[in-house]
Amino acid sequence: MRNYTIGDVLARYHAMRGYNVMQPMGWDAFGLPAENAAIANNVPPAAWTYANIDHMRTQLQALGLAIDWSRELATCKPDYYRWEQWLFTRLFEKGVIYKKMATVNWDPVDQTVLANEQVIEGRGWRSGALVEKRDIPMYFFRITQYAEELLAGLDNLPGWPERVKTMQANWIGKSVGVRLAFPYALDGQDEKLWVFTTRADTLMGVTFVAVAAEHPLATRAAANHPELAAFIAECKQGSVAEADMATMEKKGMDTGLTVTHPLTGEPIPVWVGNYVLMSYGEGAVMAVPAHDERDFGFARKYGLPIRQVIAVDGETFSSDAWQEWYGDKARGVCVNSGKYDGLNHEQAVDAIAADLEKLGLGEKKTQYRLRDWGISRQRYWGCPIPIIHCDACGDVPVPAEQLPVVLPEDVVPDGAGNPLNRRADFVHCACPKCGQPARRETDTMDTFVESSWYYARYACPDANQMLDARANQWLPVDQYIGGIEHAILHLLYARFFHKLMRDEGLVSGDEPFANLLTQGMVVADTYYREDAAGKKTWFNPADVEVRDGIAVLKADGAPVIVGGTEKMSKSKNNGVDPQALIEQYGADTARLFTMFAAPPEQSLEWSDSGVEGAHRFLRKLWKASFDHVQAGVVAAHTAGELDDAAKSLRRQLHHTIQKVSDDIERRKQFNTAIAANMELMNALAKFDGMDAVSRSVRQEVLEAVTAMLAPIVPHICEALQAELKPGVKLAWPTVDESALVQDQIELMIQVNGKLRGQIRVSANADKASIETQALASEAVQKHSEGKQPKKVVVVPGRLVNIVV
RNA sequence: GCCCAGGUGGCGGAAUCGGUAGACGCAGCGGAUUCAAAAUCCGCCGCCGCAAGGUGUGGGGGUUCGAGUCCCCCCCUGGGCACCA
C-alpha cells in the first residue's frame, strides 16, 4: 500500500504540473508463495493467485489510485510469458543462455530442491531432513559478459540513490589480480591447479592451497583415503547460501597431495576446505596465512606454517595473533621474497605477474565477483523453459510458432518435487527438428525473469510481439519505485535484461529506469508458535495482543513467541491489511497517514496510533473551508495593501508553496510537505480578520492548501475545490516572490558557541553593523563577563557568534 | 562473516549546504465548553533544577568559533548475500 501511494502522489503531482503521466499496474504472479499456499490449503496455485489479484485490485481501487487499468498485466498469463519464452529461444540460439551444472539445496526426504528460504538451520523446512548440496544441470544467462557495462552504466544514473549504486558496484565486484597455476603431476600426467588472487605480491608466502570438496583433485585424492572421502561427504552437507558458507566454522583436511610453487618450485600441500566453493572462480585458492585473516585462522587451527612476506615500518610481526596491518596493501613492502624484496604492492604484483607469464604459469586478469544468472527452477508455478530434449538432437528450443509453452493451471503441488514431471500430457512431445518422441523441459524460470521486463510491456500491453515502437516512446521509466530489498538482484537483473532487449533491437536505450526511489521496508512484529517437530506457525500481529510484555494470541489467550521485527511478508504472516483502515476512516485518511508517518526512503514500523491525527487534520481543513465558503466565496488575493498579520500569513503561504514543491519534486519527502501544510492551517486558524482583504487572503490560502494536498488526499481536495473555485480544475499554485520579502530578520546571538539571545536587524544590514548591534546587545553584555571579544563570526541571515 | 543503511523526547518523526536540536503529529497533563461524555477549542509538554542555569541527538575519541550533521574506533537494529521476491 505504501509504495503504491507514493507512486500515486508523484503521478498526480506531475499530472497537475501538466505532464502526460502513465501509472500502470501489474502482478508478479509466479513464485513460491503460491505453491506454499497450495500445499497448505490444497488449492491450485493458479486459483489462489487469481483470487489474490482480485482482492488486491479491489484494495488498490479503494485507495483511489489513478491507475490506467487498461494496461494491467499478470506475469502468469500465457500472453505475457510467451514473449519471455520467445526471447529465451533467441538468446539460447545466440549463446547468451547456456547450460551447466550448478549446486542446489537437496532435501533427501522430500526428494526436492529447496529454496534458501526453505532451509532452516541446515534442515528442510517440511521434512526436517539434513540438507545436502547436489549438482544438477541448469540454464544460465551470461550476465558476466555484461559485467563491465553494468558497472560502468551506474555512472550514467544520476537519478539513482548512491547507496544502491554502491551496493551494485560491490556486488559486481571488479577486481584486478593474477590468475596463476601450481603445476603438479598425477598418474604421470602434467596438470595445473589454477587460482586467482588479488595479492600476487604475497605469492612467496604461500604455505598451502585449498580446493573445494567437489574439485577433481579432491575426488582423486579421496579414492584411496577413506577419512578424506568422509570429510568431503561432510562438506557436501548444509545449504548453498553464501551467508551460511561465510559464517560456518572453517574446516579442512590434508589431501596428502602436493603441487609445485610456480616460482620457488617448492612442494605445496593441497588441502580440502569447506569454505572453498567449486562454482566460484577456479574452485581453488592459494593460502597466505601471514597476510590473509581467514588463512591465518585456518593455519593456526591446523598448525600449518605462517610465513611473513610483507612488512610495515614500525610494526612487528608475530604469528601468535592477527593484526590489522598484516593485510595492508597500501603500506606493506615485500620481505623474505628474494628478488621482490623492497617492492610495494603494485610493483610486486607487476613483477611477479611478468615472471609468471614468462613461465606460462600466469597472467594479469580482471575478475568479477558477479556470477552468471542461473534461472532453472525445479518448480511448477513458473514460466516453462521452452526447451525440448531429444535423444538425437539434444536441447532444442521450441520454435516461435509453437509458443507459448502453456503451463497447465489445474495442478496442486505437494512439496515433493515438481508435479510437472508427472504430467505426461505436458512432458511428452515431438522433437521440432527430427519429429521423434522427445521430452519437454519441466524446469521453470526464476521469477526474476518476469519482473525484468514488465515495465516495458506496459507501454504496449496489446502488442502481438514482445515490444513495439511504443516502448521506445515511453522508456526509460521516469520514476521507478521499489523496496530497498531489491537494490541488488531485481534492479541488476532488470538493467541486464534491458541491455539484452536492446541488443535484440527491441528497445533503444541502455537503461530501464531514469529515476529510482527505494522505498524503506514496512516492518512489523512477528509472532509464532513451534510444534514438537520444530515447525513454526506464524500469527498475524492483528491477532496478537501484548499484555504486560507477554504476547498472547487473542483467539485462545495462550502465549506466542515474539520473533522480532521483520519486513512484512507472507511467509512470516506479519502483513497489515489496509482494508480495515480504509473502511473506518476512508481512503484519504489512510493515504495521508501513510505518507505522514515517515519519509518514503526510511523503513517504517507499522502502528496505527496517530491515524486519528490525520483524520482530525482533514476534518479541520474541511471545516475551515466550509466556514469560509458559507460566508461567501471571494476572489483570491492578488494585489493591494495588507496589514502585518495578512502580510505575514501570505509570506508563510508562499514559503510553504516553495517548500512543498521542493519536498515533492526533488526530495520526495511527503511527511514534511504535509507538516508544512498543517503549520499553514494552524496559522490560518489564528488569522481571524473578516474584512474583504483578509477574506481574499484566506481564500488564497485555502485554494493553495487544497491544491498542494490534492496529490496526497485527492478525494477531499477535489470536493473542496468544487466549492472554493467551482468549475476550475485543480492546478499547482505558483510562488509570489514579492510575498517572501522581509524588511527585518532575527539573528541568533551566541557567546562562545552557546545560544544567549537574539537581535532584530534590517534584512540588508552589512556585517559591520550587525557586529556592532550584536556586541551592544543585552545577551552579549551579560555573558561576556566584561572580557574583550577575541573573534566575531557573522553568518548572514543566521547568527552571530562572539568568542571571548 | 561480507556489502549497504539507520540509531534524535514516552512514541512516529523534523532540522535540506557545519549555524536556534526536538518542526508537524500521536500520547500525556492542565483549562474552557457540557448535566455528563464524546467531539471541539486554548495552554503546557527532552532531562536535572524553585530559579539562574546546567545538560542532552547509541558509546568513546577528534576536527571546528560552532558538530545530530565531518573524521576515526566501538555497540545495537534493519536490508542484501545469488532458489522469498
Side-chain angles (χ1 to χ4, degrees), chain A residues 28 30-33 36 102 104-105 113-119 143 161-164 166-171 173 239-248 250 275 279 293-294 370-379 446-448 451 482-490 492-493 518 520-521 523 564-567 569-572 593 596-599 601-605 607 609-614 616-617 619-620 623 659 662-663 666-667 669 671-672 674-679 682 685 746-750 752-755 758 790-793 795 797-803:
Chain A
D28 187 16
F30 276 139
L32 264 192
N36 293 343
V104 294
N105 303 309
V113 176
L114 297 177
N116 284 333
E117 183 191 54
Q118 298 171 321
V119 180
I143 191 171
E162 242 9 88
R163 60 168 160 160
V164 174
T166 306
M167 281 191 256
Q168 291 211 351
N170 290 342
W171 184 260
S239 95
V240 300
E242 194 199 287
D244 294 335
M245 301 295 291
T247 47
M248 72 187 174
K250 311 283 176 289
Y275 60 94
S279 50
E293 192 168 2
R294 194 168 61 170
L370 182 69
R371 311 200 293 259
D372 274 340
W373 176 17
I375 54 123
S376 295
R377 297 290 180 269
Q378 298 68 42
R379 295 185 208 295
D446 182 358
T447 56
F448 275 128
S451 58
I484 186 64
E485 72 271 26
H486 294 301
I488 296 172
L489 292 179
H490 163 59
L492 190 67
Y493 290 144
T518 46
M521 221 84 38
V523 296
T565 309
E566 291 187 60
K567 74 167 168 170
S569 71
K570 290 193 184 84
S571 58
K572 299 281 167 70
F593 169 64
F596 185 58
E601 300 239 314
Q602 200 165 307
S603 65
L604 169 64
E605 194 170 332
S607 142
S609 71
V611 68
E612 281 291 343
R616 202 173 292 157
F617 173 71
R619 276 203 308 265
K620 275 194 251 184
K623 186 167 184 303
K659 179 181 171 49
D662 185 53
D663 276 351
R666 181 181 62 88
R667 299 214 299 155
Q669 188 169 300
N671 56 334
T672 48
I674 294 166
N677 275 295
M678 286 176 167
E679 282 180 77
N682 289 345
E746 281 214 324
L747 292 185
M748 295 304 127
I749 302 293
Q750 293 183 343
N752 288 336
K754 289 196 176 175
L755 182 68
Q758 57 258 39
K790 278 189 216 148
K791 185 171 181 179
V792 179
V793 182
V795 183
R798 291 268 184 194
L799 55 72
V800 184
N801 187 15
I802 288 145
V803 187

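Letters A, B, ... are given to chains in the order of the sequence lines, protein chains preceding strands, and every chain is numbered from 1.
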Next item on the list: Please work out whether G66(B) sits syn or anti, treating a glycosidic angle within 90° of 0 as syn.
Entry: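 That one's anti.
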Margin query: For C17(B), does the O4'-C1'-N9-C4 or O4'-C1'-N1-C2 angle fall within 90° of 0, making it syn, or is it anti?
Written below: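 The base of C17(B) is oriented syn (glycosidic angle within 90° of 0).
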Item checked: Separation between the P atoms of C26(B) and G43(B), rounded to whole Å ->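 Going atom to atom, P in each nucleotide, I get 14 Å.
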Just compare [options] and give me whichever is closest to any side-chain atom of [X].
{"X": "Glu242(A)", "options": "G1(B), A85(B), C65(B)", "answer": "G1(B)"}
{"X": "Val793(A)", "options": "G19(B), G79(B), A82(B)", "answer": "G19(B)"}
{"X": "Lys791(A)", "options": "A14(B), C65(B), C83(B)", "answer": "C65(B)"}
{"X": "Ala115(A)", "options": "G54(B), C84(B), C3(B)", "answer": "C84(B)"}
{"X": "Asp662(A)", "options": "C65(B), A82(B), U16(B)", "answer": "U16(B)"}
{"X": "Arg619(A)", "options": "U16(B), C24(B), U40(B)", "answer": "U40(B)"}
{"X": "Asn105(A)", "options": "A14(B), U20(B), C83(B)", "answer": "C83(B)"}
{"X": "Arg163(A)", "options": "A85(B), A5(B), A27(B)", "answer": "A5(B)"}
{"X": "Ile488(A)", "options": "G80(B), G1(B), C83(B)", "answer": "G80(B)"}

Check: Short question: side chain of Gln602(A), backbone of Pro599(A) - any donor-acceptor pair under 3.5 Å?
Finding: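 Pair absent, no side-chain N/O of Gln602(A) close to backbone of Pro599(A).
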Note to self: Please check this pair: side chain of Asn105(A) against backbone of Val240(A), looking for a donor-acceptor N/O pair closer than 3.5 Å.
What the structure shows: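 Yes; judged by distance alone, with no hydrogens or angles, the pair exists.
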Just to be sure I understand the rule, does [X] reach a base, reach only the sugar-phosphate, or reach nothing, if contact means heavy atoms closer than 4.0 Å?
{"X": "Val104(A)", "answer": "base"}
{"X": "Leu32(A)", "answer": "sugar-phosphate"}
{"X": "Trp373(A)", "answer": "nothing"}
{"X": "Arg371(A)", "answer": "base"}
{"X": "Ile674(A)", "answer": "nothing"}
{"X": "Met678(A)", "answer": "sugar-phosphate"}

Nearest-Å distance for atom pair [atom1]/[atom2], residues [X] and [N]:
{"X": "Arg616(A)", "N": "G25(B)", "atom1": "CZ", "atom2": "P", "value": "10 Å"}
{"X": "Asp372(A)", "N": "A82(B)", "atom1": "CG", "atom2": "C1'", "value": "12 Å"}
{"X": "Met167(A)", "N": "C4(B)", "atom1": "CE", "atom2": "C1'", "value": "4 Å"}
{"X": "Asp28(A)", "N": "C83(B)", "atom1": "CG", "atom2": "C1'", "value": "14 Å"}
{"X": "Glu117(A)", "N": "G80(B)", "atom1": "CD", "atom2": "P", "value": "10 Å"}
{"X": "Lys620(A)", "N": "C24(B)", "atom1": "NZ", "atom2": "P", "value": "11 Å"}
{"X": "Asn801(A)", "N": "U20(B)", "atom1": "CG", "atom2": "P", "value": "11 Å"}
{"X": "Lys754(A)", "N": "A67(B)", "atom1": "NZ", "atom2": "C1'", "value": "15 Å"}

Check: Closer to the 5' end of RNA chain B via nearest nucleotide, is it Thr447(A) or Val611(A)?
Finding: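 It is Val611(A), whose closest nucleotide lies nearer the 5' terminus.
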Next item on the list: For Ser451(A) and for Ala241(A), find the nucleotide of RNA chain B with the closest heavy atom, then tell me which residue's nucleotide is more 5'.
Entry: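 Going by which nucleotide is closer to the 5' end, it is Ala241(A).
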Side-chain N,O ([X]) to OP1/OP2 ([N]) below 4.0 Å:
{"X": "Arg666(A)", "N": "U16(B)", "answer": "no"}
{"X": "Arg667(A)", "N": "A15(B)", "answer": "yes"}
{"X": "Lys659(A)", "N": "A23(B)", "answer": "no"}
{"X": "Asn116(A)", "N": "A82(B)", "answer": "yes"}

Note to self: Within this structure, what is the CD1-CG distance for the pair Ile375(A) and Asp446(A), rounded to the nearest 0.5 Å?
What the structure shows: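 Answer for the CD1-CG pair, Ile375(A) versus Asp446(A), is 7.5 Å.
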Item checked: Met748(A) side, atom CE; Asn801(A) side, atom CG - distance, nearest 0.5 Å ->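 It comes to 13.5 Å.
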Item checked: Check: Gln118(A) side chain, C84(B) base, donor-acceptor under 3.5 Å ->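 No.
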Notebook entry, point to check: Does Asn170(A) get its side chain close enough to the base of C3(B), under 3.5 Å, for a donor-acceptor pair?
Noted result: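 Such a pair does not exist between side chain and base.
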Could you tell me whether the side chain of [Y] reaches within less than 4.5 Å of the side chain of [X], counting heavy atoms only?
{"X": "Phe448(A)", "Y": "Trp373(A)", "result": "yes"}
{"X": "Val164(A)", "Y": "Ile484(A)", "result": "yes"}
{"X": "Asn752(A)", "Y": "Val803(A)", "result": "yes"}
{"X": "Leu32(A)", "Y": "Arg377(A)", "result": "no"}

Next item on the list: Toss me the dot-bracket line for RNA chain B: Watson-Crick and G-U wobble, both under 3.5 Å, 5' to 3', using | for pairs to another strand and [ ] for crossers.
Entry: (((((((..(((......[....))).(((((.......))))).(((....)))..(((((..]....))))))))))))....
Taking only nitrogen or oxygen atoms into account, show me every contact under 3.5 Å that the protein makes with nucleotides 6-13 of chain B, one pair per line with its distance.
unit_1, atom_1, unit_2, atom_2, d
G12(B), O2', Ala597(A), O, 2.7
G13(B), OP1, Gln602(A), NE2, 3.4
G13(B), O3', Asn671(A), ND2, 3.3

Margin query: With no hydrogens and no angle check, just 3.5 Å: does a side-chain donor-acceptor pair link Ser451(A) and Asp28(A)?
Written below: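 No, no side-chain donor-acceptor pair sits under 3.5 Å.
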